[in-house]
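None of the values given here were measured: they were computed from a predicted structure. To find a chain, count down the sequence lines: A is the first, B the second, and so on, and within it residues start at 1.
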Amino acid sequence: EVQLSESGGGLEQPGGSLRLSCAASGFTFSSFAMNWVRQAPGKGLEWVSSISATGGDTYYADSVQGRFTISRDNSQNSLYLQMNNLRAEDSAVYYCAKDDYFWGSYRYMLYWGHGTVVTISS
Amino acid sequence: IQMTQSPSSLPASVGDRVTITCRASQSISSYLNWFQQKPGKAPNLLIYAASTLEGGVPSRFSGSGSGTDFTLTISSLQPEDFAIYYCQQSYSVPFTFGQGTKLEIK
């Protein structure tokens, strides 16, 4: 059974840093790209970042480019999101989600974690 | 790529047939996914590649479209279907979501 479990959220001041983690199990972690998606309170879903299976390719939303860094440790089946220079607008539930593929090219996110709450406030 | 859903809110009754529309700002072929989200829960994948139903999703859900215009149809609304629905393009980064459509009880 695929399981994803986020941790590391909490209350941080503007300008501060947080590191989110996502522990994965139930699949060959090193074979799949992974994503972070967030949802601000009362708002819609926002894709934040993706990382390839090997970790060699990373992608970011414009809203976090230069402040957030996605990484992974395939030996530990773990995904990370280092968030620096945090802003109030980064307050959200952060989900990790596993990439899956249809016919090798159509990608979709079937498995999601429960989310971890990040609150940025002074 | 901007994804625009309509309507933003959709009042409906149990048994109704409803359709939600998603429009992409440029062609995305069939790289379109649909999610359902209920309060306090992670999104639940319903349809991928525009029209392929994820396993375990009831057959009353269907998706269609390609290029820039897509639809999600629920053939006969059930009480558990009242939720927020999002489309998402997986054609190119950033993998943008629509703003959501809230399906409400009329």
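Residues of residues 6-35 of chain B lying within less than 4.5 angstrom of chain A, judged on heavy atoms, are B/Ser29, B/Ser30, B/Tyr31, B/Asn33, B/Phe35 in numerical order. Within residues 47-72 of chain B, the residues having any heavy atom under 4.5 Å from a heavy atom of chain A are, by residue number, B/Tyr48, B/Ala49, B/Thr52, B/Glu54. Contacts of residues 11-34 of chain A with chain B at a heavy-atom distance below 4.5 Å are absent; not one residue qualifies. Near-neighbour residues of residues 36-51 of chain A relative to chain B, defined by a heavy atom under 4.5 Å from a heavy atom of that chain, comprise A/Val37, A/Gln39, A/Lys43, A/Gly44, A/Leu45, A/Glu46, A/Trp47, A/Ser50.
When the candidates A/Ser105, A/Ala61, A/Gly115 are compared by the number of heavy-atom contacts under 4.5 Å with chain B, A/Ser105 comes out ahead. When the candidates B/Pro94, B/Gly40, B/Pro43 are compared by the number of heavy-atom contacts under 4.5 Å with chain A, B/Pro43 comes out ahead. In terms of heavy-atom pairs under 4.5 Å with chain B, the best-connected choice from A/Phe102, A/Tyr60, A/Trp103 is A/Phe102.
B/Phe95 is connected to A/Val93 through a chain of hydrophobic side-chain contacts under 4.5 Å among Ile, Leu, Val, Met, Phe, Trp and Tyr, so both are in one cluster. Under the 4.5 Å side-chain contact rule for hydrophobic residues, A/Tyr108 and A/Val2 share a cluster. Clustering ILVMFWY residues whenever any of their side-chain heavy atoms sit less than 4.5 angstrom apart, transitively, puts A/Phe68 in the very cluster that holds A/Ile70. Connection of A/Val64 to A/Val117 is established within a shared hydrophobic cluster, with ILVMFWY side chains joined at heavy-atom distances below 4.5 Å, either directly or through further cluster members.
Closest of all the heavy-atom pairs between B/Ala42 and A/Gly113 is CB-O, 3.4 Å.
At most 12 heavy atoms of other shown residues, nucleotides or ligands fall within 6.0 angstrom of atom OH in B/Tyr91. Around CD of B/Glu104, the count of heavy atoms belonging to other residues, nucleotides or ligands within 6.0 Å exceeds 12.
Going from atom NZ of B/Lys41 over to atom CH2 of A/Trp112 covers 15.0 Å, rounded to the nearest 0.5 Å.
For A/Tyr59, the part sitting under 4.5 Å from any heavy atom of chain B is the side chain, from C-beta outward, and nothing else. Neither the backbone nor the side chain of B/Pro39 comes within contact range of chain A, judged by heavy atoms closer than 4.5 Å.
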